[in-house]
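Encoded as structure tokens, the structure appears first; notes follow it.
Read the numbers this way: they start at 1 and go in the same order the structure lists the ligands and their atoms.
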Amino acid sequence: MHSLIEILQDGHFHSGEELGERLAISRAGVWKRLQRLETEMGLKVCAVKGRGYRLAQPLLLLDAERLNQAGLPWSVQVFDTLESTNSTAQRLAAAEPEKGLVVLAERQTAGRGRRGRQWVSPYGENLYLSLALPVTGGMRQLEGVSLVVGLAIVESLAGLGIAGLGLKWPNDVLVDQQKLAGILLELSGNPDDCGQLIIGIGLNINMNIGEAVDQPWTSLAKQLGKLCDRTSIAIDIIQHLAHYLSRFFAEGFTALRQDWERWHVWQGRVGCLSSGVNEVQGLILGIDSGGALKMRVDGQEQIFSGGELSLRLAHDT
Ligand code: BTN
């Protein structure tokens, strides 16, 4: 299936005859595979008599060879379709627990978001990346790590010149009020000893339609008005992760706190923090040395932390 998509990814017309020859299958076989692109992969194919077939939207597939030759500090495995890159990274890391590894996929069928949400993961459009890292000496030292991942992503994207790019506590990457990327951290193993930290990143790159997404969102292509090279973006994000995570593990979150606050879009604004039923409103002061949120609530400074909390602006109902 991958090779048919590889031919069609340019968005140009290809005749049934050409596809049959290049894939060494019959015209009926081509037809069946084209139908499966629509029914199984959710890719829209346009057919025009006399011209052939093309994808409604061109794609830029991940290039595993370039990723593996980029001199990255972790091995990278690229998959076509996975339920969730986080689950696969966790499974693969269990076989070689002492090494870090990166898992990428063209599509996820059960991508997970924070707070039990699904993460919409259409074929070949976005980045679905999970980094598995071995952790020794207990999980307590990971305080603030999810904020550091957000910092690595915005620093990587900073050079693209997107106005309004920033971070929302704890770890959403936004452009104005629209979500560009989300981060899901999962831990496995013994919390007091050794285990695996799975860092899952979903970054909207070339998504244009995204009908199933249930929150305001944007993508790099929407912001920049062009299709982006997902492989280069993945390489750059992995390099930034390596840089910021090694600083975090060597110097602690305190060394990165100011850098994070510079990107914090709602610093000094009035926000509502909710944990399901409970909600508090206050002035967003910043973060503390462990990455917890500081707010002035009823005249008093309070500290909030926890992966299930969600922050929004007070006037934003
Ligand atoms: C969020 O809700 O903001 C977090 C979204 C995280 C999505 C990514 S996509 C790659 C990795 N695999 C998953 O199943 N989830 C994360």
So, 4.0 Å and heavy atoms of Arg117: is ligand 1 close enough to count as a contact?
no

With a cut-off of 4.0 Å, which atoms of ligand 1 are near a heavy atom of Lys179?
1 (C), 2 (O), 3 (O)

Within the 4.0 Å heavy-atom shell around Gly111, which atoms of ligand 1 are there?
14 (O)

Strictly below 4.0 Å, N to O, side chains only: are Arg22 and Glu6 in salt-bridge contact?
no

Heavy-atom side-chain contact between Ile153 and His240 under 4.5 Å:
no

Short N/O distance, under 3.5 Å, between Tyr128 and ligand 1?
no

Show me which atoms of ligand 1 lie under 4.0 Å from any heavy atom of Ser84.
12 (N), 13 (C), 14 (O)

With atoms numbered from 1 as shown, which atoms in ligand 1 lie under 4.0 angstrom from a non-hydrogen atom of Arg114?
1 (C), 2 (O), 4 (C)

Taking only heavy atoms of Ser130 into account, list the atoms of ligand 1 that are under 4.0 Å away from them.
11 (C)

Pairs of donor and acceptor atoms involving the side chains of residues 282-297, under 3.5 Å and at least two apart or interchain, shall be tabulated with distances.
| residue | atom | partner | partner atom | Å |
| --- | --- | --- | --- | --- |
| Asp288 | OD1 | Gly290 | N | 2.8 |
| Asp288 | OD1 | Gly291 | N | 3.0 |
| Asp288 | OD1 | Ala292 | N | 2.9 |

Atoms in ligand 1 flagged as close to Ile183, the criterion being non-hydrogen separation under 4.0 Å
3 (O), 4 (C)

Looking only at heavy atoms, the pair that brings Met41 and Asp80 closest together is CE-OD2, 3.7 Å

Counting from 1 in the order shown, the ligand 1 atoms closer than 4.0 Å to a non-hydrogen atom of Thr85 are 10 (C), 11 (C), 12 (N)

Taking the side chain as every heavy atom from C-beta outward, state whether Leu61 and Tyr123 have any pair of such atoms under 4.5 Å apart.
yes

Glu125 bridged to Arg107 by N-O distance under 4.0 Å:
no

For ligand 1, which atoms sit closer than 4.0 Å to a heavy atom of Leu129?
10 (C)

Proximity to ligand 1 by part of Ile201, non-hydrogen separation under 4.0 Å
backbone

Same cluster or not: Ile183 versus Val175, using hydrophobic residues (I, L, V, M, F, W, Y) connected whenever any side-chain heavy atoms lie under 4.5 Å apart?
yes

Of the choices Arg112, Gln108, Gln118, Glu83, which has the non-hydrogen atom that lies closest to atom 12 (N) of ligand 1?
Gln108

Polar atom proximity, Trp119 to ligand 1 (N or O, under 3.5 Å)
no

Where do Gly11 and Arg54 come nearest, in terms of heavy atoms and distance?
O-CD, 3.2 Å

Ignoring hydrogens and angles, state whether a donor on the side chain of Tyr244 or Asp259 is under 3.5 Å from an acceptor on the partner side chain.
no

